[in-house]
> 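One structure coming up, written as structure tokens, with questions to follow.
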Amino acid sequence: MSRIGVFDSGLGGFTIAQAIHGRYPNQDIVFLADQKNVPYGNKETADLEDIIYENMRWFYDLGIRDIILACNTTSVLSLTKVQEDFRDLNLIRIIELTVSQLSKTRPQEILVLATKVTIASHRYKQEIEKILPTCIVHEVALPNLAKLIEDLADDSELHKDFSEYLAKYHRSNIDFMLGCTHYPLADKQLKSYLGGVSYSSIKPILEQTSLFSEGSGLFTCYTTGDKDIFQRQIKQLYGIDQAVNKVDM
Ligand code: DGL
């Protein structure tokens, strides 16, 4: 495997691409954030299938064949047309992978937090129940959180959103699954509101050693949105001066 693609609607995937870059510094990475269309999580699945088709075609035309779908919302879609038209594209979905870490810790109860599309699919619940049949799984859709994170919302704005959607679980100390790659950027605030241990996709993705290979360590970053805004978001959240290229799609 040479260059690997990492894809998301925005900042969540950047967290994953950066973590891969840190752990596998010689891996060549092409990261694409479809910020023109963020947030994905409240859209109709048919519209998302069309939007994501264009993004996958972009990777394909660039010669990239292995793409980590660093987006749970994308990972629950069928993407049938993508797979039919680009047969040698290897799409790496992240939900099963993310859930697999629970086989070690075996929580008895867990709260899944994700976008509306991901929660409506019940994919997390199904995958968790496959490996932990007696685990009590609660599911809560957070329709605003990914966008709040993109907008660099402060703690009080996040707290207001949690009070609207998560009041039932306030200080419940229940373990929770960050079922959207944007949410690790609000992990600290979620932990302080809910208590409990959090799980995310980052560690399980990094453990997929067979995905990664030695290249020249080139990390390139693209957005379909505004590249200056993306650069500022990256600087503020990660403290990195990252060159960003604009893609017209
Ligand atoms: N980060 C994505 C996910 O993991 C999508 C968030 C969004 O655009 O709504 O679901």
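Order of appearance sets the numbers: ligands from 1, and atoms from 1 within every ligand.
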> Identify, by atom number and element, the atoms of ligand 1 in contact range of T115, meaning under 4.0 Å from any of its heavy atoms.
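With T115 as reference, the close atoms of ligand 1 come out as 6 (C), 9 (O), 10 (O).
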> Heavy atom under 4.0 Å from ligand 1: found in D8's side chain, backbone, both, or neither?
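It is the side chain that touches ligand 1; the backbone stays farther off.
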> Only heavy atoms of V38, strictly under 4.0 Å: list the atoms of ligand 1 that pass.
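What qualifies from ligand 1 is 8 (O).
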> To check your reading of the model: name the closest protein heavy atom to atom 10 (O) of ligand 1, its residue, and the distance in Å.
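Looking at atom 10 (O) of ligand 1, the protein heavy atom closest to it is T73 OG1, 2.6 Å.
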> Does any N/O atom on T118 come nearer than 3.5 Å to any N/O atom on ligand 1?
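Checking ligand 1 against T118, no N or O pair falls under 3.5 Å apart.
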> Does one side chain, of H159 or Q189, offer a donor that lies under 3.5 Å from an acceptor on the other?
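Looking only at side-chain atoms, Q189 and H159 do not form any donor-acceptor pair under 3.5 Å.
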> Would C180 count as being in polar contact with ligand 1, using the rule that some N or O on each side must be under 3.5 angstrom apart?
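Min N/O separation from ligand 1 is not below 3.5 Å for C180.
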> For atom 7 (C) of ligand 1, what's the nearest protein heavy atom and its distance?
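Of every protein heavy atom, Y40 N, 3.2 Å lies nearest to atom 7 (C) of ligand 1.
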> With heavy atoms only and a cut-off of under 4.0 Å, state how A146 meets ligand 1: side chain, backbone, both or neither.
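A146 to ligand 1: side-chain contact only, backbone stays beyond 4.0 Å.
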> Hydrogens and angles aside, do D85 and Y60 bring a side-chain donor and acceptor to less than 3.5 Å of each other?
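No, because no side-chain N or O of D85 sits under 3.5 Å from a partner of the opposite role on Y60.
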> May I ask you to test the I52-Y40 pair for a side-chain heavy-atom distance under 4.5 Å?
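The answer is yes, as the side chains (C-beta and beyond) meet within the 4.5 Å cut-off.
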> Is ligand 1 less than 4.0 angstrom away from at least one heavy atom of G41?
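Yes; G41 lies near enough to ligand 1 that a heavy-atom distance drops under 4.0 Å.
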> Could you pull out, from G179, S201, S9, the option with a heavy atom nearest to atom 6 (C) of ligand 1?
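It is S9 whose heavy atom sits nearest to atom 6 (C) of ligand 1.
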> Checking Q35 against T223 for the side-chain hydrogen bond (donor to acceptor under 3.5 Å, both in side chains) test, could you report, in this order, the C-alpha distance in whole Å, the side-chain angles of both residues, the deciding distance, and whether it holds?
CA-CA 6 Å; Q35 290 183 306; T223 182; 2.8 Å; yes
> When you compare the side chains of S213 and Y24, does any donor N or O come within less than 3.5 Å of an acceptor on the partner?
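Side chains of S213 and Y24: no pair found under 3.5 Å.
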> May I ask you to test the K188-D155 pair for a side-chain heavy-atom distance under 4.5 Å?
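The answer is yes, as the side chains (C-beta and beyond) meet within the 4.5 Å cut-off.
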> Using a distance-only test with no angle check, is there a side-chain donor-acceptor pair under 3.5 angstrom linking S216 and D28?
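Judged by distance alone, the side chains do pair up.
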